[in-house]
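Owing to the predicted nature of the structure, the values given are computational and were not obtained by experimental measurement.
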Amino acid sequence: MPEPMEPFEEGRAIAATGAGGATDLAMEEGESLEKTPGGPKGTGPDNKARSLWSDAWHDLRRNPIFIISGLIILFLVVIAIWPSLIASGDPLDCDLSKAQEGSQPGHPFGFNGQGCDVYTRTVYGARASIQVGVFATVGVTLLGATLGGLAGFFGGAWDGLLSRITDIFFAIPVVLGGLVLLSVVSNNTVWPVIGFMVLLGWPQISRIARGSVITAKQNDYVQAARALGASNSRMLLRHITPNAVAPVIVVATIALGTYIALEATLSFLGVGLKPPTVSWGIDISSASPYVRNAPHMLLWPSGALAITVLAFIMLGDAVRDALDPKLR
């Protein structure tokens, strides 16, 4: 005998009634998800799906590495612009009678070999390092991303020519190239060093941008825009660039710290920034012969350089984690 049918309750779908019951159950669950404010991310009428950039910013704000590195970089930028906020002295005011002396009241880092205040020179040294790192990164990113993006989009002979040119630049050792090119420059400003970094640094960004554009232009939305008659400039600016720029930003962020370290290396070797410019690399070079007798001369500028480079590398790692969907 057939079992008696259970009484129907309003608002309840019976899954055991076959396909119709299963359909009613699925529809009811879908409606409940839309009405539940704590449902899955991006569901419901009041929750809009976030874009890659808004989702990345959402993750970055909750990443302690990003917060710590961002605060360090913000502090470095502030003292690079207004060093007098925390250092009232003159970095070029030296007293030979105090050469190599240690910490004293009003001079917490002691004095260097020329009797200059190490604390003041460490603070003012941030300006040249940050300036070189920021402008070199901007120049490398603009030049490399433009050339690589165009090569990846158009392909053909232009792509082949750019690939061979980048191979030539990759074969040049960076430090050796700096020793050769900057040794003939007598200008004491930061611009020759920035120009050298842009000249030898763009191929890396170019290859990253090329590969990213090649991947992006194969997506369906780009093919649809091409079929609808969109121009090359419109496809590049509206459809490809926003979806291909994330890897470039990640590499450029990490490279900024590398350029700061490269400037210090070239200044240490005597071909980068030159006195009277105040630079951490110059101070490290002048302090190295006295590391046994006066280690404080080397400790503070090298420590400031290490913290700065580490902060930018940590920032780049946090940005990479936020922008890479595979790491979510």
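- At least one side-chain heavy atom of Trp202 sits under 4.5 Å from a side-chain heavy atom of Leu147.
- Taking 4.5 Å as the limit, every side-chain heavy atom of Asp90 sits out of range of all side-chain heavy atoms of Thr120.
- Nearest heavy atoms, Pro301 versus Ile284: CB-CG1, 4.1 Å.
- When every heavy atom of Val248 is checked against every heavy atom of Ala145, the shortest pair comes out as CG1-CB, 4.3 Å.
- Counting heavy atoms from C-beta outward, Leu92 and Arg121 have side chains that approach closer than 4.5 Å.
- Ile282 and Phe111 fall into different hydrophobic clusters, where Ile, Leu, Val, Met, Phe, Trp and Tyr residues are linked whenever their side-chain heavy atoms come under 4.5 Å apart, directly or through other members.
- Crowding of Leu142 atom CG: a count of heavy atoms from other residues, nucleotides or ligands under 6.0 Å exceeding 12.
- A donor-acceptor contact shorter than 3.5 Å is absent between the side chain of Arg210 and the backbone of Gly148.
- Atoms CD1 and CZ, on Ile240 and Phe153 in that order, are 4.5 Å from each other to the nearest 0.5 Å.
- At least one side-chain heavy atom of Ser288 sits under 4.5 Å from a side-chain heavy atom of Phe268.
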Inset, instruction - Please assess Val174 against Leu262 for the test side chain to side chain contact (heavy atoms under 4.5 Å, CB included), listing each intermediate value before the final yes or no. - result: CA-CA 9 Å; Val174 177; Leu262 178 59; 3.6 Å; yes

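- Relative ring orientation between Trp57 and Phe66 is described as perpendicular, the plane-to-plane angle rising above 60° on a 0-90° scale split at 30° and 60°.
- The CG atom of Leu315 lies 11.0 Å from the CG atom of Leu71; values are rounded to the nearest 0.5 Å.
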Inset, instruction - Would you sort out whether Tyr119 and Ile86 count as a side chain to side chain contact (heavy atoms under 4.5 Å, CB included), showing the intermediate values? - result: CA-CA 10 Å; Tyr119 171 77; Ile86 62 173; 3.7 Å; yes

Inset, instruction - Report the C-alpha separation of Asp321 and Asp59 in whole Å, then their side-chain angles, then the decisive distance to 0.1 Å, and conclude whether the side chain to side chain contact (heavy atoms under 4.5 Å, CB included) test is met. - result: CA-CA 9 Å; Asp321 295 342; Asp59 293 341; over 6 Å; no

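- Here the closest non-hydrogen pair linking Ala252 and Ile205 is N-CD1, 4.2 Å.
- The shortest side-chain heavy-atom distance between Ile260 and Ile130 falls under the 4.5 Å cut-off.
- The hydrophobic cluster containing Val175 also contains Val198, counting ILVMFWY residues as joined when their side-chain heavy atoms lie under 4.5 angstrom apart, directly or transitively.
- Rounded to the nearest 0.5 angstrom, Phe109 CZ and His296 NE2 are separated by 11.0 Å.
- In this structure, the side chains of Lys98 and Glu101 come closer than 4.5 Å at one or more pairs of heavy atoms.
- Environment of CG in Asp167: crowded, with over 12 heavy atoms of neighbouring residues, nucleotides or ligands closer than 6.0 Å.
- By the 4.5 Å heavy-atom criterion applied to side chains, Met297 and Asp283 are not counted as neighbours.
- Clustering ILVMFWY residues whenever any of their side-chain heavy atoms sit less than 4.5 angstrom apart, transitively, puts Ile73 in a cluster other than the one holding Leu310.
- Atom-to-atom distance recorded for Ile67:CD1 and Met314:CE is 11.0 Å, nearest 0.5 angstrom.
- The closest donor-acceptor contact from the side chain of Thr277 to the backbone of Leu273 lies at 3.5 Å or more, if one exists at all.
- You'll find the side chain of Ser84 reaches within 4.5 Å of the side chain of Tyr124, heavy atoms only.
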Inset, instruction - Would you check, one step at a time, whether the test side chain to side chain contact (heavy atoms under 4.5 Å, CB included) holds for Arg127 with Val278? - result: CA-CA 8 Å; Arg127 172 178 293 177; Val278 181; over 6 Å; no

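- Nearest heavy-atom pair across Gly144 and Ala209 is O-CB, 4.4 Å.
- Minimum heavy-atom separation, Pro64 to Arg62: CD-O, 3.5 Å.
- Taken together through direct or relayed side-chain contacts under 4.5 Å among Ile, Leu, Val, Met, Phe, Trp and Tyr, Val123 and Leu74 form part of one hydrophobic cluster.
- Each of Val185, Leu181, Val271, Val184 was scored for a side-chain contact (heavy atoms from CB on, under 4.5 Å) with Pro192, with one residue passing: Val185.
- Here the closest heavy-atom approach between residue Leu162 and residue Ala151 is recorded as CD2-CB, 3.4 Å.
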